[in-house]
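All values derive from a computational prediction rather than experimental measurement.
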Amino acid sequence: MFDTLSDRLANTFKGLRGKGRLSEADIDAAAREIRIALLEADVALPVVRSFIANVKERARGEEVSKALNPGQQVLKIVNDELITILGGETRRLRFAKTAPTVIMLAGLQGAGKTTLAGKLGLWLKGQGHTPLLVACDLQRPNAVNQLSVVADRAGVAFYGPQPGNGVGDPVQVAKDSVEYARGKQFDIVIVDTAGRLGIDQELMQQAADIRDAVSPDEILFVVDAMIGQDAVNTAEAFRDGVGFDGVVLSKLDGDARGGAALSIAHVTGKQIMFASNGEKLDDFDAFHPDRMAGRILDMGDMLTLIEQAEKTFSQAEAEKMAAKLAKGPKEFTLDDFLAQMEQVRKMGSISKLLGMLPGMGQIKDQINNIDERDVDRTAAIIKSMTPAERQDPTIINGSRRARIAKGSGTEVSAVKSLVERFFDARKMMSRMAQGGGMPGMPGIPGMGGGPGRQKKQVKQAKGKRKSGNPMKRKQEEAAAAARREQGAQPVDPAAASNPFGLPTGGQGGEDFDLPDEFKKFMK
């Protein structure tokens, strides 16, 4: 949703890189570009004015003038101000001292309240709560049935005694639901209320009556992130007419500019608490202003990525896999590869996961073109193999590849490519598990040295060169021979070791036979 804003801001900061000092003209030019970027993203004008004034004031201050890299300091200032207009700190749900906690959803028709009720119920269920979804939208056709289906998909309880479709008293349903939840030991009640196509007195009165009947602990205003500036106007109308405690952004995965959604927290004084960014019930999470600002500025969102990984991956399974890889690359089989791939798939869309990495905005076109079905094709190929082939892929010859391709509905070339990629991945993972770094990359601190470290050692060894003067070179060779004689000690040939710390059979370790998968790295 914020791609356009991210691109414009990225281009602005490119012009500031490498400058040892920022002039007034540089600051004014950057502020002008940022202002245009925010206005094009549909951010409310009062918010833009306040944002730019704060950025310019801080950019002219000492924190930039004395900085080693003024361009990066301005980026930090913009990041801080973005966090501010997004609400500052993360706002958590308030729970009642005595159960049940009542959460009321309000907003216009079409904002996604009913689906969001299911998403919130599933999210709270994952937090260890027992939520109850209550159907108080008795106006919209089939709204009660829709909430029932959503509750069933989310695996949470549903309360809808009235048929809806214009029949029933929503205020009475809301009041009765609290007593029902108390009797059935549900600790959270989520009340889905009716909406309208626009703000009107009837809508406000019904929402106010439900509020007064159940005294909710939280009133969440659900707003469609794609409706533009009208989102701010609607939020202000609900704040003044009914009141709300927090904002939920729905449809953040849309292609609208979305800047108006960024303005709501600043204009209404109420923080964004949750964000819905997909059609699936688990495409929902708490809203973190600092993480959203990082995504907009292409700084990544590693914390959310780590949290998703922690929810998906088992610690015991991870330790088991690490132990396997430490024993040797051949311990890692295609069954393990398939299990790891399916675990990653559970974390969500591959494109979304890559989008959380820093700097991925530069290749977002390639990320957006990723075919998510490739994972399914890979799984189909592996599942078409026999247990023996998964355990030892080296036995997969031409006839076996043809059989696997036919069984998985793919081409023979796809099977061959998968096996080759598996061998490469296995070598890399095993090397990293054993502390050798990644092949083809410098050693990572704390993970041992890779080929880059070896090259550095070789370069240092080459630093001492022989003199070009024959007489001087002869003297150097004589002195080196004398030093060798003085420092020579008897050596047991069986105890000698090669540069890898392994026993050798001949001079220089020629008789030591490296595993096939490592030979290409020694060429």
Side-chain angles (χ1 to χ4, degrees), residues 309 312-313 317-318 320-355 357 360 363-442 444 447 450-452 454 513-523:
T312 305
F313 287 88
E317 286 295 323
K320 181 180 177 182
M321 190 61 62
K324 257 192 171 187
L325 291 168
K327 291 180 182 178
K330 292 185 179 180
E331 293 293 322
F332 186 74
T333 67
L334 275 167
D335 283 320
D336 299 321
F337 182 72
L338 178 62
Q340 293 289 302
M341 187 174 61
E342 290 177 341
Q343 290 284 348
V344 172
R345 186 63 181 269
K346 288 180 183 177
M347 291 175 62
S349 164
I350 303 297
S351 301
K352 288 182 180 178
L353 295 177
L354 291 175
L357 298 175
M360 289 295 104
I363 57 170
K364 66 182 178 186
D365 290 338
Q366 293 93 314
I367 292 176
N368 292 334
N369 288 329
I370 290 176
D371 189 352
E372 300 287 341
R373 292 173 298 178
D374 280 342
V375 178
D376 298 327
R377 296 188 190 102
T378 301
I381 292 173
I382 296 175
K383 290 176 180 178
S384 297
M385 297 178 183
T386 65
E389 290 167 345
R390 296 185 206 177
Q391 194 70 25
D392 183 14
T394 57
I395 68 173
I396 300 177
N397 54 23
S399 60
R400 289 175 183 264
R401 280 196 292 267
R403 190 203 78 245
I404 295 168
K406 186 176 181 180
S408 59
T410 58
E411 300 291 332
V412 173
S413 58
V415 179
K416 182 180 179 182
S417 175
L418 168 62
V419 174
E420 290 174 350
R421 284 187 287 123
F422 167 72
F423 285 138
D424 291 339
R426 185 169 72 174
K427 284 186 287 189
M428 182 187 72
M429 294 171 70
S430 178
R431 187 177 178 83
M432 292 179 68
Q434 295 175 7
M438 292 180 66
M441 295 181 65
I444 301 173
M447 293 185 66
Q454 296 168 5
D513 189 19
L514 283 172
D516 293 338
E517 56 265 35
F518 285 98
K519 284 182 178 178
K520 72 174 184 179
F521 298 118
M522 305 309 301
K523 293 179 180 179

* Do Thr333 and Arg390 touch side chain to side chain, with heavy atoms closer than 4.5 Å? -> no

* To do: Give, for atom CG of Leu334 and atom CZ of Phe423, the distance between the pair rounded to the nearest 0.5 Å.
  => 7.5 Å

* Asked: Nearest 0.5 Å, what's the NZ-OG1 distance between Lys383 and Thr378?
  -> 11.5 Å

* **Any residue meeting side chain to side chain contact (heavy atoms under 4.5 Å, CB included) with Ser384, in chain and number order, not counting sequence neighbours** => Ile404, Ser408

Just distance, no hydrogens or angles: give the donor-acceptor pairs under 3.5 Å from side chains in residues 392-400, sequence neighbours left out.
unit_1: Asp392; atom_1: OD1; unit_2: Thr394; atom_2: N; d: 3.3
unit_1: Asp392; atom_1: OD1; unit_2: Thr394; atom_2: OG1; d: 2.5
unit_1: Asp392; atom_1: OD2; unit_2: Thr394; atom_2: OG1; d: 3.2
unit_1: Asn397; atom_1: OD1; unit_2: Ser399; atom_2: N; d: 3.4
unit_1: Asn397; atom_1: OD1; unit_2: Ser399; atom_2: OG; d: 3.0
unit_1: Asn397; atom_1: OD1; unit_2: Arg400; atom_2: N; d: 3.0
unit_1: Arg400; atom_1: NE; unit_2: Ile395; atom_2: O; d: 3.3
unit_1: Arg400; atom_1: NH1; unit_2: Glu389; atom_2: OE2; d: 2.8

Distance-only check: which donor-acceptor pairs under 3.5 Å involve side-chain atoms of residues 411-420, not counting sequence neighbours?
none

